[in-house]
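Comments concern the structure below.
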Amino acid sequence: MKILMVSPECCPFAKVGGLGDVLGALPKALVSRGHDVHIFLPLYGSIKPKGRRYDNVVVHLGGHERICSIWEYAQDGVFFYFVEYQQYFGDASVYKDGDQKAERFAFFCRSALDMCTSLDWIPDVIHCHDWTTGLIPVFLNTTERGKLLGKVATVYTIHNLEHQGIFPADILAYAGIPFSEFHANSLESMGYVNFMKGALYHATKLTTVSPHYAQEIQTAAFGCGLDPILKFKAGDLIGILNGIDDKQWNPCTDPNIVANFSAEYLQPKKCCKRDLQRTMGLPESSVPLFGIVSRMYWQKGLDVVLNVLPFVLQNLSLQMVVVGCGEPDWEYRFRCLEAQFPDKLRVFIGYNEPLSHKIEAGSDFFLMPSRFEPCGLNQMYSMRYGTLPIVRATGGLVDTVESLNEKTETGCGFVFYDLTNDAIYNTIGWACSIYYDKPELLAKMQRAGMAKNFSWETAAIQYENVYRWAVQQRSLL
Ligand code: ADP
């Protein structure tokens, strides 16, 4: 199939979170299954353009045109197309706040479609990712009806329902979307235009990044106001668990860690722990080491960790390393606790990819107390690196982490249900007791986690089926 992926993030060019990882891996898995995959991305100021340049590509917006350039570059069998338009994408920021936010991504959606017609490459299916691409299915059902792209199927993937792209209605005139779409069964939501909502109505098929999250988002508690539409479209919605990039996240070959290891040869993991302790300035002790790598936002539940951490650090014999950034208040509170317990807690505020690999390899446990988690990647990286995840039972964490059952000696992590001080304290305490009292069980859990298959191949087969299903349905139009 001819597949066009449209996304604001794609590893290694631009990554803010898990979406970047998905775009870095899924297209390669689809190419290896014989598909023709093109990816369309903004040329942010941080990306050095290379490859072939097409000039004077016309972007047809509402009643006016803009001229941009498109860069074409092939790597690992995937064709990348970068839209160069200085006014919107000239700086490095992916989700830059400000007056132009809606226009930036309306332009992005429109330019993806105009590139297809300019280069005379008409895909079978356009796979759109998150709110920034939400106008594409709307364009195809409105302005593109009866034209070259009018019969192209769309698959829209929700990576995070919380960010919907909500803007004043004048964006419709800018984009050239008919004002007749400004109603509750299309783009309108409480007097505003909602990009995500438009996509949910107009896309041929919907997916999200885990089966459990696909169920959760149909409830008021997780639906972020869009649960009625998601329930209405439940027959077209499927949860497909993300995979992990086996090349980037492989303890046998990872160049970011001091010693490589595998399930059969786990001994060098100890060297990784020492290296992590040294890197972070912790004493090289044999107490259990807990890792966190996370964006510091409400979704991730780190506020509750901050509440309970003084008691954890005071009472339990352990160490913890934290890498992340986000809410300034949370960053400050982590720093204060680090100053109070320098032998037990070390914090790196910022984004640091090599350090995140060291944490996955060197920690004994990895903490993810998310309020909601569409899929989550770090718990899978952890298991791959023989690090036991401690997670709250939500979204993709439910689909990937089987909690320890001490009677049957099964499981590869620790799952808790309530996001409370007590639940976090007790689960960390449980992990410590297994570490100190049952090292053989701990090793068994490590091996069980490392044996899990999180390959993109499995996900690619499922996406392929959804693409076929979408194309078939669209052809009936
Ligand atoms: P989300 O997309 O909600 O942030 P995921 O678990 O799906 O959560 O993916 C997060 C990705 O971003 C992982 O690859 C994780 O290692 C990475 N990441 C998050 N924060 C940092 C950081 N401060 N430094 C390095 N990597 C980070």
Side-chain angles (χ1 to χ4, degrees), residues 7-12 14-26 94-95 129-132 157-163 208-210 212-213 216-217 222 224 239-251 254 256-257 276 279-280 291-302 305 321-328 330-331 334-335 346-363 366-385 387 389-392 394-401 413 454 456 459:
S7 167
E9 297 182 41
C10 177
C11 223
K15 172 176 160 180
V16 177
L19 174 58
D21 292 292
V22 172
L23 266 288
L26 174 62
V94 175
Y95 302 106
H129 299 268
D130 268 353
W131 75 264
T132 58
T157 297
I158 304 161
H159 294 262
N160 190 333
L161 196 61
E162 200 182 25
H163 307 289
T208 188
V209 288
S210 69
H212 199 79
Y213 192 60
E216 284 178 341
I217 57 179
F222 291 90
C224 302
I240 300 177
L241 195 68
N242 285 337
I244 59 177
D245 190 329
D246 210 35
K247 282 209 184 95
Q248 269 211 315
W249 294 93
N250 186 343
D254 192 335
N256 298 292
I257 58 180
L276 177 59
T279 306
M280 298 301 283
I292 294 179
V293 178
S294 179
R295 293 184 294 120
M296 290 188 182
Y297 291 109
W298 187 81
Q299 175 194 341
K300 300 295 179 182
L302 297 183
V305 172
V321 291
V322 179
V323 174
C325 51
E327 293 287 346
W330 297 11
E331 295 177 358
F334 271 117
R335 281 207 171 107
R346 286 296 167 140
V347 179
F348 176 92
I349 300 295
Y351 193 91
N352 190 327
E353 188 102 28
L355 188 53
S356 71
H357 286 247
K358 278 184 190 290
I359 291 184
E360 292 295 4
S363 303
F366 191 93
L367 186 57
M368 273 181 97
S370 305
R371 281 198 168 79
F372 69 94
E373 195 60 76
C375 176
L377 293 170
N378 280 304
Q379 81 281 12
M380 293 192 266
Y381 299 153
S382 299
M383 287 185 266
R384 187 101 176 74
Y385 282 70
T387 297
I390 300 178
V391 303
R392 196 176 92 75
T394 183
L397 302 176
V398 173
D399 294 316
T400 50
V401 182
F454 296 120
W456 269 108

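Counting convention: from 1, in listed order, for ligands and their atoms alike.
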May I have the step-by-step check of side-chain hydrogen bond (donor to acceptor under 3.5 Å, both in side chains) for Asn160 and Gln299, ending in yes or no?
CA-CA 10 Å; Asn160 190 333; Gln299 175 194 341; 3.1 Å; yes
Measure and list all N/O to N/O distances between ligand 1 and the protein that fall under 3.5 angstrom.
unit_1: ligand 1; atom_1: 2 (O); unit_2: Gly18; atom_2: N; d: 2.6
unit_1: ligand 1; atom_1: 3 (O); unit_2: Arg295; atom_2: NH2; d: 2.8
unit_1: ligand 1; atom_1: 3 (O); unit_2: Lys300; atom_2: NZ; d: 2.8
unit_1: ligand 1; atom_1: 4 (O); unit_2: Arg295; atom_2: NE; d: 2.7
unit_1: ligand 1; atom_1: 6 (O); unit_2: Leu377; atom_2: N; d: 3.0
unit_1: ligand 1; atom_1: 8 (O); unit_2: Lys300; atom_2: NZ; d: 3.2
unit_1: ligand 1; atom_1: 9 (O); unit_2: Gly18; atom_2: N; d: 3.4
unit_1: ligand 1; atom_1: 14 (O); unit_2: Lys15; atom_2: NZ; d: 3.1
unit_1: ligand 1; atom_1: 14 (O); unit_2: Asp21; atom_2: OD2; d: 3.1
unit_1: ligand 1; atom_1: 16 (O); unit_2: Asn378; atom_2: OD1; d: 3.1
unit_1: ligand 1; atom_1: 23 (N); unit_2: Gly350; atom_2: O; d: 2.9
unit_1: ligand 1; atom_1: 24 (N); unit_2: Asn352; atom_2: N; d: 3.0

Taking side-chain contact (heavy atoms from CB on, under 4.5 Å) as the criterion, tell me which of Ile244, Asn250, Asp245 meets it with Gln248.
Asp245
Is Glu353 close to Lys15 at the side-chain level, that is, under 4.5 Å between some pair of heavy atoms?
yes
Val321 side chain reached by Phe348 side chain, heavy atoms, under 4.5 Å
no
Using ring-ring contact (aromatic ring centres under 6.0 Å, His included) as the criterion, list what pairs up with His357, not counting sequence neighbours.
Trp249
side-chain contact (heavy atoms from CB on, under 4.5 Å) between Ile349 and Met296: does it pass, once the steps are laid out?
CA-CA 10 Å; Ile349 300 295; Met296 290 188 182; 3.9 Å; yes
